Every structure is written in structure tokens, then in C-alpha cells.
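I have placed the structure first, in the form of C-alpha cells, so that the comments after it can refer back to it.
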Amino acid sequence: MICDDIIKEIENSNHKEILIGFDLEWPFNFHTGSGKTALAQICFNETICYLLHIYSLKKLPAAFVVLLSHPKVRLVGVNIKNDIWKLGRDFKEFPASKIVENNCIDSGKFANEILNRSCRWSLEKLTAYLLKRKLNKDPKVRKSKWHLYPLSNEQKIYAATDAYVSWLLHTIIQKQTDIKKNMI
């Protein structure tokens, strides 16, 4: 239902593109490696981030796939394409290739273009550079059991923050782009 509501809002919007901060979480074990995607986080404004616990699903909801592949949607985040590829590995019907090609903007690459840099950014480093803020990347939360429900308050804050900061960073970089264009 959340995805259906967001899709309606996108379709009623006059904007050509809608930015969605996007991130995933999954359990990690040093013996077995990355587990199945447990949580998808989406944020498209400064007030609301949605946390979608998808671990127990055999197939992603159609509305979620439609949202991520919507022609107006641009999923933004640092190394965003890796998260989309992971979602495609974990959910075989998910059109990862199409979404990577049409709907993803890597904020790290975008920052390098606009700031005339050549850095390998992480969300944490780009946040420190552009926002002069430190993201909480506490390993106890970052490497926690994301597949278990309900999530702790610490997990919820961590996950929502990553999606929100992904959206915010791209918005700030875009504003710098617009300022440069207006100066020319």
C-alpha cells in the first residue's frame, strides 16, 4: 500500500524526475557471507523514510517493483547500483539490469563530476565531506541481524538515516549543479 501511495504521488507530480534515497540492509556473517536482503529503505523528502522488511518474501510486491522502475524515479545513493544488483540476485524476477540502466544515479560519481574530484566515496565519507557531519556506523548495528523482526530502534534509526542522507546528499549536489549553470 505504501508503494501504491508513493506511485500515485509521483504520477500526480509536475516534476520530470523524483529522487528517492535508496539503501538496503542484510545480515552478514563472516562464515557464510552476505545473507538475503532483509530491509529496503526509501526516502523521497525530508520528512518521511519508509523501511520495508522484505526478508521473508519469496517475491517482491509488484507495486515495489513498479515504484523502483517508474520512468520518473531516480534512485540515488553512493554505490547504489550494487544494492540494485543485490536485490536482483536475491529476488530473481526483479529487473535489476533495467533499473540500473534507467533509474540509478550514483551520488559518489555525481559528486566527483560536480566537485571536480576523483574520490572513491562511501556514504560516510561523502557525508563528512559535504555535510560536515559524522554518520553513525556502529558495527553492532551495521552488522546486526537485519532479518529478524521487529527491528530495534537503533536499527530503524540507522536504516532511515542512510536513506535520508542518500537523498539529501544528491539534493545538495544537484543544487551546486544548478548554481554553476546559473553562473554561466
Side-chain angles (χ1 to χ4, degrees), residues 1-13 15 17-29 33-107 123 127 135-138 140-171:
M1 290 184 346
I2 289 168
C3 293
D4 284 331
D5 290 345
I6 296 170
I7 291 166
K8 285 178 192 164
E9 196 170 327
I10 288 168
E11 291 182 348
N12 290 332
S13 170
H15 293 95
E17 290 186 343
I18 304 294
L19 300 176
I20 293 181
F22 184 81
D23 195 31
L24 299 176
E25 304 298 339
W26 55 85
F28 182 83
N29 180 309
S34 297
K36 180 182 174 190
T37 302
L39 188 71
Q41 304 106 263
I42 54 177
C43 178
F44 68 103
N45 64 39
E46 62 276 351
T47 60
I48 300 173
C49 290
Y50 294 99
L51 307 179
L52 309 172
H53 205 267
I54 59 176
Y55 181 79
S56 62
L57 302 178
K58 301 227 183 302
K59 186 176 181 182
L60 291 171
F64 181 64
V65 175
V66 168
L67 172 63
L68 298 185
S69 59
H70 193 283
K72 281 185 162 184
V73 166
R74 295 299 170 262
L75 302 172
V76 297
V78 177
N79 299 314
I80 184 76
K81 293 177 182 181
N82 291 339
D83 279 4
I84 298 300
W85 289 122
K86 168 109 176 90
L87 206 53
R89 288 190 301 275
D90 292 345
F91 295 91
K92 300 300 179 205
E93 82 290 346
F94 183 71
S97 181
K98 175 187 172 212
I99 293 172
V100 163
E101 185 177 323
N102 299 319
N103 298 77
C104 290
I105 301 174
D106 187 309
S107 297
L123 186 62
T127 300
L135 276 182
N136 180 4
K137 291 296 183 180
D138 181 351
K140 284 186 230 165
V141 180
R142 188 169 52 90
K143 297 176 183 176
S144 63
K145 297 178 180 179
W146 292 99
H147 60 295
L148 299 180
Y149 189 83
L151 297 174
S152 69
N153 284 338
E154 291 84 7
Q155 286 174 307
K156 291 175 188 176
I157 290 167
Y158 178 100
T161 299
D162 277 2
Y164 169 70
V165 169
S166 293
W167 174 84
L168 181 61
L169 287 170
H170 189 89
T171 302

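All figures in this text were calculated on a predicted structure; none of them were measured in a lab.
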When you compare the side chain of Val165 with that of Asp23, does any pair of heavy atoms fall below 4.5 Å? no
Audit row: Ile20, Leu68, side-chain contact (heavy atoms from CB on, under 4.5 Å) steps and yes/no: CA-CA 9 Å; Ile20 293 181; Leu68 298 185; 5.7 Å; no
Is it the case that over 12 heavy atoms from other parts of the model lie below 6.0 angstrom from the NZ atom of Lys137? yes
Under the side chain to side chain contact (heavy atoms under 4.5 Å, CB included) test, which residues partner Ile157, sequence neighbours left out? Thr161
Minimal non-hydrogen separation, Cys104 against Ile80, with atom names: CB-CG2, 3.9 Å
Yes or no on side-chain contact (heavy atoms from CB on, under 4.5 Å) for Phe91 and Val65, after CA distance, side-chain angles and deciding distance? CA-CA 11 Å; Phe91 295 91; Val65 175; over 6 Å; no
Donor-acceptor pair, distance only, cut-off 3.5 Å: does the side chain of Glu25 make one with the backbone of Leu39? no
Could you tell me which residues satisfy side chain to side chain contact (heavy atoms under 4.5 Å, CB included) with Tyr149, sequence neighbours excluded, listed by chain and number? His53
Specify the closest pair of heavy atoms between Ala159 and Gln41, including all atoms of both residues, with the distance to one decimal. O-NE2, 3.2 Å
Let me confirm one number: the CG-OG distance from Leu151 to Ser144, rounded to the nearest 0.5 Å. 8.0 Å
My understanding is that only residues two or more places apart in sequence, or in another chain, count here; which of them pass side chain to side chain donor-acceptor pair (under 3.5 Å) with Thr127? none
Report yes or no: does Ser166 contribute a side-chain atom to a donor-acceptor pair with the main-chain N or O of Asp162 at less than 3.5 Å? yes
What distance do Phe22 atom CZ and Tyr50 atom OH have between them, rounded to the nearest 0.5 Å? 15.5 Å
Carefully, step by step, assess Leu87 and Phe64 under the rule side-chain contact (heavy atoms from CB on, under 4.5 Å). CA-CA 12 Å; Leu87 206 53; Phe64 181 64; 4.0 Å; yes
Residue pair Leu51 / Ala160: nearest heavy atoms and the distance that separates them: CD2-N, 3.8 Å
Residues in side chain to side chain donor-acceptor pair (under 3.5 Å) with Ser97, at least two apart? none
Could you pull out the closest heavy-atom pair between Trp167 and Asn45, with the gap in Å? CZ2-CA, 3.7 Å
Straight-line distance of Ile54 CD1 to Lys59 NZ, nearest 0.5 Å: 14.5 Å
Among Tyr158, Trp26, Phe28, Tyr55, ring-ring contact (aromatic ring centres under 6.0 Å, His included) partner for Trp146: Tyr158
Going from CG on Leu52 to CD1 on Ile42, what distance comes out if it is rounded to the nearest 0.5 angstrom? 5.0 Å
Leu60 versus Glu93, closest heavy-atom pair with distance: N-OE2, 3.0 Å
With side chains defined as the heavy atoms from C-beta onward, is the minimum distance between Glu46 and Tyr164 less than 4.5 Å? yes
For Asn136, give me all partners under side chain to side chain contact (heavy atoms under 4.5 Å, CB included), at least two apart in sequence or on another chain. Asp138
Would you check, one step at a time, whether the test side-chain contact (heavy atoms from CB on, under 4.5 Å) holds for Ile10 with Phe44? CA-CA 10 Å; Ile10 288 168; Phe44 68 103; 5.7 Å; no
Can you tell me which residue pairs pass the salt bridge (charged side-chain N to carboxylate O under 4.0 Å, His left out) test with a partner in residues 60-86, sequence neighbours excluded? Glu17-Arg74, Lys86-Asp90
Nearest 0.5 angstrom please: Asn103 CG to His70 NE2, how far? 9.5 Å
On a heavy-atom basis, the closest approach of Leu67 and Ile7 is N-CD1, 3.8 Å
